[in-house]
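Just so we're on the same page: letters track the sequence lines, and every chain starts at 1.
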Protein chains: 2
Amino acid sequence: MKVTRKSDYGLRALYTLARHYDNTPVSIGQLASEHRIPEPFLEKIMQELRDKGFVEAAHGRGGGYRLKKRPAQITLREVVRALDGPIALVTCLDPGLKCAIELKCPTSSVWEIINAQLEEYLASLTLEDIIQKSQTVKAGAG
Amino acid sequence: MKVTRKSDYGLRALYTLARHYDNTPVSIGQLASEHRIPEPFLEKIMQELRDKGFVEAAHGRGGGYRLKKRPAQITLREVVRALDGPIALVTCLDPGLKCAIELKCPTSSVWEIINAQLEEYLASLTLEDIIQKSQTVKAGAG
DNA sequence: ATAAAAACAGAGTATTTTGCTCGGAATTTA
DNA sequence: TAAATTCCGAGCAAAATACTCTGTTTTTAT
(Lines give C-alpha, C1' and ligand atoms only; values in the text may rest on other atoms or scores of the structure.)
Protein backbone atom coordinates (compact mmCIF):
# COMPACT_ATOMS: atom_id res chain seq x y z
CA MET A 1 0.00 0.00 0.00
CA LYS A 2 1.24 3.11 1.56
CA VAL A 3 -1.30 4.72 3.74
CA THR A 4 -2.28 7.81 1.82
CA ARG A 5 -3.70 11.08 3.04
CA LYS A 6 -7.10 9.70 2.28
CA SER A 7 -6.86 6.98 4.91
CA ASP A 8 -5.04 9.29 7.23
CA TYR A 9 -7.76 11.94 7.02
CA GLY A 10 -10.51 9.36 7.11
CA LEU A 11 -9.16 7.81 10.28
CA ARG A 12 -8.87 11.15 12.01
CA ALA A 13 -12.43 12.01 11.15
CA LEU A 14 -13.64 8.62 12.36
CA TYR A 15 -11.70 9.13 15.55
CA THR A 16 -13.62 12.29 16.25
CA LEU A 17 -16.90 10.62 15.41
CA ALA A 18 -15.99 7.78 17.73
CA ARG A 19 -15.59 10.23 20.56
CA HIS A 20 -19.02 11.63 19.76
CA TYR A 21 -20.51 8.18 19.54
CA ASP A 22 -24.28 8.26 20.28
CA ASN A 23 -24.36 12.02 20.32
CA THR A 24 -25.29 14.61 17.74
CA PRO A 25 -23.83 14.30 14.26
CA VAL A 26 -20.66 16.18 13.40
CA SER A 27 -20.55 18.21 10.20
CA ILE A 28 -17.82 18.08 7.60
CA GLY A 29 -16.99 21.68 8.41
CA GLN A 30 -16.32 20.82 12.05
CA LEU A 31 -14.32 17.71 11.24
CA ALA A 32 -12.28 19.51 8.60
CA SER A 33 -11.39 22.44 10.78
CA GLU A 34 -10.59 20.27 13.79
CA HIS A 35 -8.06 18.27 11.78
CA ARG A 36 -7.16 20.91 9.20
CA ILE A 37 -8.34 18.81 6.31
CA PRO A 38 -9.44 20.52 3.06
CA GLU A 39 -13.21 20.51 3.33
CA PRO A 40 -14.21 19.36 -0.17
CA PHE A 41 -11.68 16.54 0.04
CA LEU A 42 -13.02 15.35 3.35
CA GLU A 43 -16.51 15.50 1.94
CA LYS A 44 -15.54 12.93 -0.66
CA ILE A 45 -13.89 10.76 1.93
CA MET A 46 -16.94 10.83 4.18
CA GLN A 47 -19.17 9.88 1.28
CA GLU A 48 -16.97 6.89 0.63
CA LEU A 49 -17.04 5.90 4.28
CA ARG A 50 -20.80 6.19 4.18
CA ASP A 51 -21.03 3.99 1.06
CA LYS A 52 -18.85 1.41 2.76
CA GLY A 53 -21.05 1.36 5.84
CA PHE A 54 -18.86 3.04 8.43
CA VAL A 55 -20.94 6.17 8.93
CA GLU A 56 -24.38 7.53 8.23
CA ALA A 57 -25.28 11.05 7.24
CA ALA A 58 -27.93 13.41 8.55
CA HIS A 59 -28.99 15.97 5.96
CA GLY A 60 -29.91 19.57 6.45
CA ARG A 61 -29.25 22.12 9.11
CA GLY A 62 -27.68 20.61 12.19
CA GLY A 63 -26.77 17.56 10.19
CA GLY A 64 -23.49 15.77 9.72
CA TYR A 65 -22.08 12.32 10.20
CA ARG A 66 -22.43 9.68 12.88
CA LEU A 67 -20.65 6.37 13.31
CA LYS A 68 -22.76 3.43 12.29
CA LYS A 69 -20.75 0.78 14.13
CA ARG A 70 -19.33 0.75 17.61
CA PRO A 71 -15.75 2.08 17.83
CA ALA A 72 -14.57 -1.28 19.13
CA GLN A 73 -15.87 -2.88 15.96
CA ILE A 74 -13.97 -0.75 13.49
CA THR A 75 -10.41 -1.86 12.83
CA LEU A 76 -7.78 0.28 11.19
CA ARG A 77 -7.34 -2.40 8.56
CA GLU A 78 -10.95 -2.10 7.44
CA VAL A 79 -10.74 1.64 7.15
CA VAL A 80 -7.48 1.63 5.24
CA ARG A 81 -8.75 -1.05 2.91
CA ALA A 82 -11.96 0.84 2.33
CA LEU A 83 -10.19 4.06 1.42
CA ASP A 84 -6.86 3.00 -0.07
CA GLY A 85 -7.80 -0.39 -1.43
CA PRO A 86 -6.07 -3.67 -0.78
CA ILE A 87 -2.96 -3.37 1.32
CA ALA A 88 0.08 -4.02 -0.85
CA LEU A 89 3.35 -2.75 0.47
CA VAL A 90 5.05 -3.68 -2.77
CA THR A 91 3.59 -3.27 -6.24
CA CYS A 92 4.10 -6.95 -6.97
CA LEU A 93 1.71 -7.87 -4.14
CA ASP A 94 -1.10 -5.92 -5.73
CA PRO A 95 -3.83 -8.37 -6.61
CA GLY A 96 -4.60 -8.01 -10.30
CA LEU A 97 -0.95 -7.31 -11.06
CA LYS A 98 0.23 -10.45 -9.28
CA CYS A 99 3.92 -10.30 -10.06
CA ALA A 100 3.81 -10.72 -13.81
CA ILE A 101 7.59 -10.60 -13.92
CA GLU A 102 8.74 -13.83 -12.39
CA LEU A 103 6.64 -16.72 -11.22
CA LYS A 104 8.42 -16.82 -7.89
CA CYS A 105 11.05 -14.16 -7.40
CA PRO A 106 13.58 -14.54 -4.59
CA THR A 107 12.18 -11.68 -2.55
CA SER A 108 8.48 -12.40 -2.84
CA SER A 109 8.25 -14.44 0.34
CA VAL A 110 9.79 -11.58 2.28
CA TRP A 111 7.22 -9.11 1.03
CA GLU A 112 4.42 -11.52 1.70
CA ILE A 113 5.49 -11.95 5.29
CA ILE A 114 5.94 -8.25 5.89
CA ASN A 115 2.64 -7.44 4.29
CA ALA A 116 0.86 -10.06 6.38
CA GLN A 117 2.42 -8.67 9.56
CA LEU A 118 1.29 -5.21 8.63
CA GLU A 119 -2.26 -6.30 7.95
CA GLU A 120 -2.37 -8.29 11.14
CA TYR A 121 -1.29 -5.36 13.23
CA LEU A 122 -3.75 -2.99 11.60
CA ALA A 123 -6.49 -5.56 12.09
CA SER A 124 -5.67 -5.81 15.78
CA LEU A 125 -6.33 -2.12 16.40
CA THR A 126 -9.77 -0.58 16.69
CA LEU A 127 -10.94 2.99 16.96
CA GLU A 128 -11.65 2.24 20.59
CA ASP A 129 -7.98 1.39 21.10
CA ILE A 130 -6.91 4.62 19.49
CA ILE A 131 -9.11 6.59 21.84
CA GLN A 132 -7.70 4.71 24.82
CA LYS A 133 -4.18 5.38 23.69
CA SER A 134 -4.65 9.09 23.10
CA GLN A 135 -6.19 9.45 26.56
CA THR A 136 -3.30 7.58 28.15
CA VAL A 137 -0.86 9.85 26.40
CA LYS A 138 -2.66 12.96 27.56
CA ALA A 139 -2.85 11.69 31.12
CA GLY A 140 0.73 10.49 31.20
CA ALA A 141 2.50 13.30 29.42
CA GLY A 142 3.94 16.17 31.41
CA MET B 1 7.45 4.30 2.12
CA LYS B 2 6.10 1.80 -0.25
CA VAL B 3 8.73 -0.34 -1.79
CA THR B 4 8.83 0.78 -5.40
CA ARG B 5 9.91 -1.09 -8.49
CA LYS B 6 13.28 0.52 -8.08
CA SER B 7 14.00 -1.24 -4.80
CA ASP B 8 12.34 -4.36 -6.05
CA TYR B 9 14.50 -4.52 -9.17
CA GLY B 10 17.60 -3.47 -7.30
CA LEU B 11 17.18 -6.24 -4.77
CA ARG B 12 16.71 -8.86 -7.44
CA ALA B 13 19.84 -7.76 -9.21
CA LEU B 14 21.80 -7.76 -5.96
CA TYR B 15 20.48 -11.22 -5.24
CA THR B 16 21.97 -12.48 -8.48
CA LEU B 17 25.25 -10.72 -7.78
CA ALA B 18 25.27 -12.27 -4.32
CA ARG B 19 25.07 -15.72 -5.87
CA HIS B 20 28.00 -14.81 -8.11
CA TYR B 21 29.96 -13.42 -5.20
CA ASP B 22 33.71 -13.58 -5.86
CA ASN B 23 33.19 -14.68 -9.44
CA THR B 24 33.17 -12.81 -12.74
CA PRO B 25 31.11 -9.65 -12.99
CA VAL B 26 27.56 -9.81 -14.31
CA SER B 27 26.50 -7.36 -16.99
CA ILE B 28 23.36 -5.26 -16.94
CA GLY B 29 22.15 -7.17 -19.98
CA GLN B 30 22.37 -10.46 -18.13
CA LEU B 31 20.76 -9.12 -14.98
CA ALA B 32 17.98 -7.43 -16.91
CA SER B 33 17.09 -10.46 -18.95
CA GLU B 34 17.25 -12.80 -15.99
CA HIS B 35 14.74 -10.73 -14.06
CA ARG B 36 12.93 -9.16 -17.01
CA ILE B 37 13.81 -5.67 -15.97
CA PRO B 38 13.93 -2.90 -18.60
CA GLU B 39 17.63 -2.58 -19.33
CA PRO B 40 18.11 1.19 -19.31
CA PHE B 41 16.15 1.43 -16.09
CA LEU B 42 18.28 -1.20 -14.42
CA GLU B 43 21.37 0.61 -15.65
CA LYS B 44 20.34 3.66 -13.65
CA ILE B 45 19.59 1.58 -10.60
CA MET B 46 22.99 -0.13 -10.76
CA GLN B 47 24.72 3.23 -11.03
CA GLU B 48 22.93 4.34 -7.91
CA LEU B 49 23.89 1.17 -6.08
CA ARG B 50 27.47 1.75 -7.16
CA ASP B 51 27.42 5.35 -5.91
CA LYS B 52 26.07 4.12 -2.58
CA GLY B 53 28.82 1.54 -2.24
CA PHE B 54 26.94 -1.70 -2.72
CA VAL B 55 28.55 -2.74 -5.99
CA GLU B 56 31.52 -1.92 -8.16
CA ALA B 57 31.64 -1.83 -11.94
CA ALA B 58 34.10 -3.34 -14.39
CA HIS B 59 34.17 -1.46 -17.67
CA GLY B 60 34.63 -2.82 -21.14
CA ARG B 61 34.10 -6.15 -22.77
CA GLY B 62 33.44 -8.89 -20.25
CA GLY B 63 32.65 -6.26 -17.67
CA GLY B 64 29.65 -5.80 -15.41
CA TYR B 65 28.93 -5.48 -11.73
CA ARG B 66 30.21 -7.23 -8.65
CA LEU B 67 29.12 -7.00 -5.03
CA LYS B 68 31.42 -4.88 -2.96
CA LYS B 69 30.28 -6.19 0.43
CA ARG B 70 29.61 -9.68 1.58
CA PRO B 71 25.97 -10.81 1.13
CA ALA B 72 25.63 -11.29 4.87
CA GLN B 73 26.51 -7.63 5.35
CA ILE B 74 23.84 -6.17 3.13
CA THR B 75 20.45 -5.77 4.75
CA LEU B 76 17.24 -5.21 2.87
CA ARG B 77 16.71 -2.06 4.86
CA GLU B 78 19.92 -0.52 3.55
CA VAL B 79 19.05 -1.32 -0.01
CA VAL B 80 15.53 0.00 0.21
CA ARG B 81 16.71 3.15 1.92
CA ALA B 82 19.40 3.66 -0.69
CA LEU B 83 16.99 3.38 -3.59
CA ASP B 84 13.65 4.57 -2.25
CA GLY B 85 14.81 6.94 0.44
CA PRO B 86 13.79 6.97 4.08
CA ILE B 87 11.15 4.42 4.93
CA ALA B 88 7.89 6.20 5.66
CA LEU B 89 4.79 4.08 5.45
CA VAL B 90 2.62 7.13 5.91
CA THR B 91 3.22 10.54 4.38
CA CYS B 92 3.14 12.17 7.79
CA LEU B 93 6.18 10.12 8.86
CA ASP B 94 8.27 11.53 6.04
CA PRO B 95 11.12 13.46 7.57
CA GLY B 96 10.99 16.98 6.20
CA LEU B 97 7.22 16.93 6.12
CA LYS B 98 6.92 15.97 9.79
CA CYS B 99 3.17 16.06 10.19
CA ALA B 100 2.55 19.76 9.67
CA ILE B 101 -1.13 19.21 10.29
CA GLU B 102 -1.42 18.47 13.96
CA LEU B 103 1.28 18.47 16.57
CA LYS B 104 0.26 15.06 17.82
CA CYS B 105 -2.55 13.45 15.93
CA PRO B 106 -4.37 10.52 17.49
CA THR B 107 -3.04 7.99 14.99
CA SER B 108 0.59 9.06 14.86
CA SER B 109 1.79 6.64 17.52
CA VAL B 110 0.27 3.76 15.57
CA TRP B 111 2.13 4.69 12.41
CA GLU B 112 5.33 5.17 14.28
CA ILE B 113 5.13 1.69 15.76
CA ILE B 114 4.24 0.04 12.47
CA ASN B 115 6.99 1.87 10.67
CA ALA B 116 9.53 0.87 13.28
CA GLN B 117 8.47 -2.77 13.05
CA LEU B 118 8.83 -2.65 9.32
CA GLU B 119 12.30 -1.17 9.47
CA GLU B 120 13.36 -3.62 12.10
CA TYR B 121 12.27 -6.58 10.05
CA LEU B 122 13.97 -5.32 6.90
CA ALA B 123 17.11 -4.65 8.89
CA SER B 124 17.09 -8.20 10.19
CA LEU B 125 17.26 -9.71 6.72
CA THR B 126 20.41 -9.88 4.62
CA LEU B 127 21.02 -10.96 1.05
CA GLU B 128 22.55 -14.09 2.52
CA ASP B 129 19.24 -14.89 4.20
CA ILE B 130 17.35 -14.44 0.96
CA ILE B 131 19.64 -16.87 -0.78
CA GLN B 132 19.18 -19.40 2.02
CA LYS B 133 15.44 -19.02 1.82
CA SER B 134 15.20 -19.44 -1.91
CA GLN B 135 17.33 -22.57 -1.73
CA THR B 136 15.16 -24.02 1.02
CA VAL B 137 12.08 -23.37 -1.06
CA LYS B 138 13.58 -25.07 -4.10
CA ALA B 139 14.75 -28.06 -2.07
CA GLY B 140 11.53 -28.41 -0.14
CA ALA B 141 8.97 -27.81 -2.88
CA GLY B 142 7.77 -30.83 -4.77
C1' DA C 1 45.02 0.29 -34.34
C1' DT C 2 40.46 -0.85 -34.29
C1' DA C 3 36.11 -2.67 -33.26
C1' DA C 4 33.10 -4.47 -30.03
C1' DA C 5 31.31 -4.73 -25.43
C1' DA C 6 30.42 -2.90 -21.81
C1' DA C 7 29.51 0.99 -18.17
C1' DC C 8 28.80 6.35 -17.62
C1' DA C 9 26.27 10.60 -17.57
C1' DG C 10 22.76 13.83 -17.89
C1' DA C 11 18.66 15.10 -19.55
C1' DG C 12 14.12 14.20 -20.78
C1' DT C 13 9.35 11.89 -21.00
C1' DA C 14 5.07 9.11 -20.29
C1' DT C 15 2.03 7.18 -17.06
C1' DT C 16 -0.05 6.68 -12.80
C1' DT C 17 -1.31 8.05 -8.39
C1' DT C 18 -2.42 11.34 -5.21
C1' DG C 19 -4.63 15.04 -3.47
C1' DC C 20 -7.42 17.79 -4.26
C1' DT C 21 -11.43 21.47 -6.59
C1' DC C 22 -15.88 23.00 -8.72
C1' DG C 23 -20.67 23.71 -9.58
C1' DG C 24 -24.98 22.77 -8.95
C1' DA C 25 -28.82 19.69 -7.08
C1' DA C 26 -31.31 17.57 -3.21
C1' DT C 27 -32.62 17.39 1.64
C1' DT C 28 -33.78 18.89 6.11
C1' DT C 29 -34.72 22.17 9.76
C1' DA C 30 -35.53 26.72 11.91
C1' DT D 1 -38.60 30.13 2.53
C1' DA D 2 -33.97 30.67 3.61
C1' DA D 3 -30.08 28.66 5.57
C1' DA D 4 -27.32 24.78 6.55
C1' DT D 5 -26.00 20.84 5.28
C1' DT D 6 -25.10 16.58 2.49
C1' DC D 7 -25.02 14.60 -2.43
C1' DC D 8 -23.15 13.80 -6.94
C1' DG D 9 -20.45 13.74 -11.03
C1' DA D 10 -16.93 15.57 -13.19
C1' DG D 11 -12.60 17.35 -13.62
C1' DC D 12 -7.85 19.02 -12.58
C1' DA D 13 -2.97 20.01 -10.82
C1' DA D 14 1.04 18.38 -8.77
C1' DA D 15 3.95 14.85 -7.53
C1' DA D 16 5.82 10.43 -7.82
C1' DT D 17 6.96 6.59 -10.50
C1' DA D 18 8.82 4.17 -14.09
C1' DC D 19 10.97 4.57 -17.45
C1' DT D 20 13.73 6.31 -22.29
C1' DC D 21 17.26 8.59 -25.18
C1' DT D 22 21.61 10.09 -26.87
C1' DG D 23 25.96 10.26 -26.89
C1' DT D 24 30.56 9.44 -24.27
C1' DT D 25 34.15 6.84 -22.05
C1' DT D 26 36.60 2.80 -20.73
C1' DT D 27 38.33 -1.69 -21.47
C1' DT D 28 39.40 -5.91 -23.88
C1' DA D 29 39.93 -8.98 -27.87
C1' DT D 30 41.63 -9.29 -32.37
S.K.: Using a cut-off of 4.0 Å on non-hydrogen atoms, how would the nucleic acid contact of B:Gly64 be classed: base, sugar-phosphate, or nothing?
M.R.: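 Sugar-phosphate contact only - B:Gly64 comes under 4.0 Å of backbone atoms but never of a base.
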S.K.: In terms of side-chain geometry, is the basic nitrogen of A:Glu39 or A:Lys44 positioned less than 4.0 Å from the acidic oxygen of its partner?
M.R.: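 Looking at A:Glu39 and A:Lys44, the cut-off is not met.
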S.K.: Identify whether the distance between the nearest side-chain nitrogen and carboxylate oxygen of A:Glu56 and A:Lys68 falls below 4.0 Å.
M.R.: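 The answer is no: the pair does not qualify as a salt bridge.
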S.K.: Look at the side chain of A:Arg50 and decide which nucleotide, out of D:dT5, C:dA7, D:dC7, has an atom nearest to it.
M.R.: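 So the nucleotide nearest the side chain must be D:dC7.
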S.K.: Can you check whether B:Tyr9 has a side-chain N or O nearer than 4.0 Å to OP1 or OP2 of D:dC19?
M.R.: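 B:Tyr9 to D:dC19 OP1/OP2: side-chain N or O found under 4.0 Å.
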S.K.: Look at all strands and tell whether B:Pro40 reaches a base, only sugar-phosphate, or nothing, counting heavy atoms closer than 4.0 Å.
M.R.: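 B:Pro40: base contact, heavy atoms under 4.0 Å.
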S.K.: Determine, for B:Lys52 against B:Glu48, whether the closest basic-nitrogen to carboxylate-oxygen distance falls under 4.0 angstrom.
M.R.: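 Yes, this pair counts.
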S.K.: Whole angstroms only, please: what is the CD1-C1' distance between A:Ile28 and D:dC7?
M.R.: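 So the two atoms are 9 Å apart, to the nearest Å.
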S.K.: Which nucleotide sits closest to the side chain of A:Tyr65: D:dC7, C:dG19, D:dT17?
M.R.: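 Shortest atom-to-atom distance from the side chain points to D:dC7.
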S.K.: Which nucleotide in the list D:dT6, C:dA9, D:dC19 gets nearest to the side chain of B:Phe41?
M.R.: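 It is D:dC19.
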S.K.: Output the rounded distance in Å from CD (B:Gln30) to P (C:dA5).
M.R.: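 My rounded result for the distance is 13 Å.
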S.K.: Which parts of nucleotides 24-30 of chain C does protein reach within less than 4.0 Å, heavy atoms only, written one letter per nucleotide 5' to 3' as B for base, S for sugar-phosphate only and - for none?
M.R.: ---BBSS
S.K.: Rounding to a whole Å, what distance do you find between A:Gln47:CD and D:dG9:C1'?
M.R.: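 Distance check: A:Gln47 CD to D:dG9 C1' gives 10 Å.
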S.K.: Whole angstrom is fine here: how far is it from CG in B:Leu83 over to C1' in D:dC19?
M.R.: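 In whole Å, D:dC19 C1' and B:Leu83 CG are 15 Å from each other.
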S.K.: Below 4.5 Å, heavy atoms only, C-beta onward: do A:Ile28 and A:Tyr65 meet side chain to side chain?
M.R.: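 Yes, close enough: below the 4.5 Å cut-off.
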S.K.: Begin with the C-alpha distance, continue with both residues' side-chain angles, and end with the deciding distance and a verdict on salt bridge (Lys or Arg N to Asp or Glu O under 4.0 Å) for B:Lys133 and B:Glu128.
M.R.: CA-CA 9 Å; B:Lys133 264 180 215 257; B:Glu128 181 72 32; over 6 Å; no
S.K.: Just by distance, with hydrogens left out, do A:Gln73 and A:Thr126 show a side-chain donor and acceptor under 3.5 Å apart?
M.R.: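 No pair is found: no donor N or O on one side chain lies under 3.5 Å from an acceptor on the other.
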S.K.: Find the distance B:Leu31:CG to C:dA6:P and express it as a whole number of Å.
M.R.: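 In whole Å, C:dA6 P and B:Leu31 CG are 12 Å from each other.
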S.K.: May I ask you to evaluate whether B:Thr4 reaches the phosphate of D:dA16, defined as a side-chain N or O under 4.0 Å from OP1 or OP2?
M.R.: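 No, outside the criterion.
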S.K.: To the nearest angstrom, how far is B:Glu39 atom CD from C:dA6 atom C1'?
M.R.: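 Rounded to the whole Å, the gap is 10 Å.
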S.K.: Any N or O donor-acceptor pair linking the side chain of B:Lys44 to the base of C:dG10 at under 3.5 Å?
M.R.: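 A donor-acceptor contact between them is present.
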S.K.: Flag the pair A:Tyr121 / B:Ile113 as yes when at least one side-chain heavy-atom distance between them is below 4.5 Å, and no otherwise.
M.R.: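 They are in contact (side-chain heavy atoms under 4.5 Å apart), so the answer is yes.
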S.K.: Taking atom C1' of C:dA9 as reference, at what distance in whole Å does atom CD1 of B:Ile45 sit?
M.R.: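 Going from B:Ile45 (CD1) to C:dA9 (C1'), I get 16 Å.
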S.K.: Using a cut-off of strictly less than 4.0 Å, decide whether B:Ser27 has a side-chain nitrogen or oxygen near OP1 or OP2 of C:dA5.
M.R.: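 For B:Ser27, the contact criterion (side-chain N or O under 4.0 Å from OP1 or OP2 of C:dA5) is not met.
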S.K.: Rounded to the nearest Å, what distance is computed from the CD atom of residue A:Glu48 to the P atom of nucleotide D:dC8?
M.R.: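 In whole Å, D:dC8 P lies 13 Å from A:Glu48 CD.
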